J.: 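Quick one: structure below, then a few questions.
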Protein chains: 2
Amino acid sequence: MKTRITISDVANHANVSKSTVSQYLNKRFDYMGESTKNRIEEAIKELGYQPNAVARSLKQKSTSTIGVIVANILHAFSTQVIRAIEDYCNEYDFHIIVCNADDDPVKERKYIEMLLAKQVDGLIIFPTTGNVELYQKLVDSDYPLVFLDRNVENVDVPVIQLDNVKASKLAVQHFVEKGYQRIAIMTTSLELGVAPRIERINGFKEAIKEHSLVIRDEYVKGLKVEEVQDGLKKMLSMDEPPEAILASNDLILMEVLKYVKAHSIKVPEELAIIGIDDVSFASVYNPALTTIAQPTFVMGTQAAELLIEKLQNKESKIDPVYRYEPTLISRDSC
Amino acid sequence: MKTRITISDVANHANVSKSTVSQYLNKRFDYMGESTKNRIEEAIKELGYQPNAVARSLKQKSTSTIGVIVANILHAFSTQVIRAIEDYCNEYDFHIIVCNADDDPVKERKYIEMLLAKQVDGLIIFPTTGNVELYQKLVDSDYPLVFLDRNVENVDVPVIQLDNVKASKLAVQHFVEKGYQRIAIMTTSLELGVAPRIERINGFKEAIKEHSLVIRDEYVKGLKVEEVQDGLKKMLSMDEPPEAILASNDLILMEVLKYVKAHSIKVPEELAIIGIDDVSFASVYNPALTTIAQPTFVMGTQAAELLIEKLQNKESKIDPVYRYEPTLISRDSC
DNA sequence: TTGTACGCGTTATCAT
DNA sequence: ATGATAACGCGTACAA
């Protein structure tokens, strides 16, 4: 590996000083002689000089990089949002480093610390909600931070999140319109107290009440992904099994589909299904899946915008209390 | 935003010099007095000191970071491989920065340059194959580089790639065993000369011959994703339309599924389908999809291993000429 | 218009 | 056992 060319090499080659080259690189041409400019330009080309971003970052105390920590990259939602964040950042010449906490607060903490050590200019976190003290520390030191998908109680950070209550309500309403009465919901584990899951369950219960149906505890389950098959078995072999089920995210939806396939359950005749999160194969599946889509692109973009505005100390027009609107996409599974 | 604590602050606070703190941080305790050690430890805790990785990288000329540039993040293959790379890197305390070239050589070039400027220690690239001179420049300067998925003609870089010919042969053989004779293949655009696509087509043709069937040009198509619906229409409205089709990657498979659904074509009765790449929903789809899986986890891990060994100038036991074995997963779509 | 000198936070070398 | 000092490559006052 050849030793890299530095700004000094360019300066020597062009017979000027480092500072002049630096001026050139930063496009301060105000008082620069045409011939100097050309000599520098040529020297850069000939030597194949590339500025060293590490050195620049050290000096400028800014890396033009933001960190993104997702709670769980396996969710389609995460990848879609990341793409949107990346798109936006690209436009503003920011780079992103994506990390996957795997729903593990310990990993999350490790990544936060790593990214801070790397001096990223700000952080977008899909919080596991398991590192409240650390989040608070960041807030206290005014570190630029935006939460996505989930808020964390008592931690004052702007959050880009779905109107989860509404998402559930849309689903229940659709079920009811289609004539279903015995409606169930299945979410991923509630142990961690992750806000969206709780909100989706609460929204579900409210909606059930609003439609004058009864809430049956056996119809409302929060389970780890590995437990879902068992949970469905229990739920669907009750005396009065549900006729319809709301899968509260794409991972649960996959489990439900696995179950109905394994047990040859007809959808929607024997079990109607709605999934929150619009999965890639929803429209080609047989039957096509009715889903509740999140405005992932908008949410990602706004998170990035919010953060970058913070970095630049701009006033933001984005209202971090606003809840993003879910959309029901009616297809054939309900 | 509070000003960050530096090593000097710690040194002052502990009444020692910067160098001693540095020793401590780098675990050179050989000659360090117990009390000094404790004082430093305490100072670090009290001040909440975090080392600055940017400064360290500048000094050490190493960032413990590798760049990963995928040709197209939309492929399930890409995301699976990235996860494997990340897992491996984590173990060795390397970080990764992932970029998506979107099948665009211009973007790819931009990302390569950005990552070099950021002084990443090495690069894993799923090459678009559109930047041969640049790849060659990296090779010439002995820059640590590994290709994934695709080789590039005349550029001598270790490549982790599938045995694409075998993948097609497995598919054709399975079709034939199931009694299909008129077999087609559809790949993404061949314009760029991307090796795996060509190899899959070649493998397909070879296999057709080996089974004493005739190769019909109308049954062999390479199209842009947007053109696939049209292409399928033409292909399937021929006098003798194919009875079976090999979708050469997951994006094409989606298009095929979209088409058969839109036209109520029965799978596999009217059209048998095999897809290369094991998509997430293959087993829950109706009918469950027969796929050819790549050993994505192994491939990602080995790419990372190969690169990290290069960085450390180790001899590698990984044979970069080796082709990774595809596996046919027989389900119901053929 | 261009050059000199210093600082960013860390580590390595060499003294002490 | 610990400290002083010089790099690393770049940016920027300030001087010339």
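Given the structure is predicted, the values throughout are model-derived calculations rather than measurements. Per chain, numbering begins at 1; letters A, B, ... match sequence-line order.
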J.: Would a distance-only check, ignoring hydrogens and angles, find a side-chain to backbone donor-acceptor pair under 3.5 Å from N72(B) to L74(B)?
T.: yes

J.: Kindly state which residues belonging to residues 112-120 of chain B come within less than 4.0 angstrom of DNA chain C, counting heavy atoms of the residue only, listed by number.
T.: none

J.: Report yes or no: does Y135(B) contribute a side-chain atom to a donor-acceptor pair with the main-chain N or O of T129(B) at less than 3.5 Å?
T.: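 Side chain of Y135(B) to backbone of T129(B), a donor-acceptor pair under 3.5 Å: yes, one is there.
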
J.: For a quick test of reading the model: is some side-chain N or O of S17(B) closer than 4.0 Å to OP1 or OP2 of dT2(D)?
T.: no

J.: To the nearest Å, give me how far apart CG (N12(A)) and P (dG9(D)) are.
T.: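 Rounding to the nearest Å, CG of N12(A) and P of dG9(D) are 13 Å apart.
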
J.: What is the distance from CG of N26(B) to C1' of dA12(C), rounded to the nearest Å?
T.: 10 Å

J.: May I ask you to test the D149(A)-L162(A) pair for a side-chain heavy-atom distance under 4.5 Å?
T.: no

J.: Does one side chain, of S22(A) or S19(A), offer a donor that lies under 3.5 Å from an acceptor on the other?
T.: no

J.: Taking the side chain as every heavy atom from C-beta outward, state whether E41(A) and Y24(A) have any atom pair closer than 4.5 Å.
T.: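 They are in side-chain contact.
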
J.: Just wondering, do I69(A) and I112(A) contact through their side chains at under 4.5 Å, heavy atoms?
T.: yes

J.: Output the rounded distance in Å from OH (Y24(A)) to C1' (dT1(C)).
T.: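 Checked: the OH to C1' distance equals 17 Å.
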
J.: Would a 4.5 Å heavy-atom cut-off, applied to side chains only, mark M299(A) and Q80(A) as touching?
T.: no

J.: Is E113(B) salt-bridged to R109(B), going by a charged N under 4.0 Å from an acidic O?
T.: yes

J.: Once you round it to whole Å, what is the distance between P of dT10(C) and CZ of R4(B)?
T.: 8 Å

J.: Taking OP1 and OP2 of dT11(C), is either one under 4.0 Å from a side-chain nitrogen or oxygen of S22(B)?
T.: yes

J.: N15(B) near the nucleic acid: base, sugar-phosphate alone, or nothing, with a heavy-atom cut-off under 4.0 Å?
T.: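 Here N15(B) touches the backbone only, sparing every base.
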
J.: Quick one about Y324(A) and Q302(A) (side-chain donor to acceptor, distance below 3.5 Å, no hydrogens or angles considered), yes or no?
T.: yes

J.: Please list, for nucleotides 14-16 of chain C, all pairs of protein and nucleotide N/O atoms separated by less than 3.5 Å.
T.:
none

J.: Just by distance, with hydrogens left out, do E42(A) and N38(A) show a side-chain donor and acceptor under 3.5 Å apart?
T.: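 No, no side-chain donor-acceptor pair sits under 3.5 Å.
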
J.: Taking DNA chain C as the partner, which of residues 37-65 of chain A come within under 4.0 angstrom of it by heavy atom?
T.: L58(A), K59(A), K61(A)

J.: So does S8(A) get a side-chain nitrogen or oxygen closer than 4.0 Å to the phosphate oxygens (OP1/OP2) of dG9(D)?
T.: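 No.
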
J.: Starting from the 5' end of DNA chain C, give me the residue, V21(B) or K18(A), whose nearest nucleotide shows up first.
T.: K18(A)

J.: Students often get this wrong, so: under 4.0 angstrom with heavy atoms, is S19(A) touching a base, only sugar-phosphate, or nothing?
T.: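 S19(A): base contact, heavy atoms under 4.0 Å.
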
J.: Please state how far atom CD1 in I5(A) lies from atom P in dC10(D), giving the value in whole angstrom units.
T.: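 Taking CD1 of I5(A) and P of dC10(D), I get 10 Å after rounding.
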
J.: Distance only, no hydrogens: is a donor on one side chain within 3.5 Å (strictly under) of an acceptor on the other, for N90(B) and K110(A)?
T.: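 Side chains of N90(B) and K110(A): pair found under 3.5 Å.
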
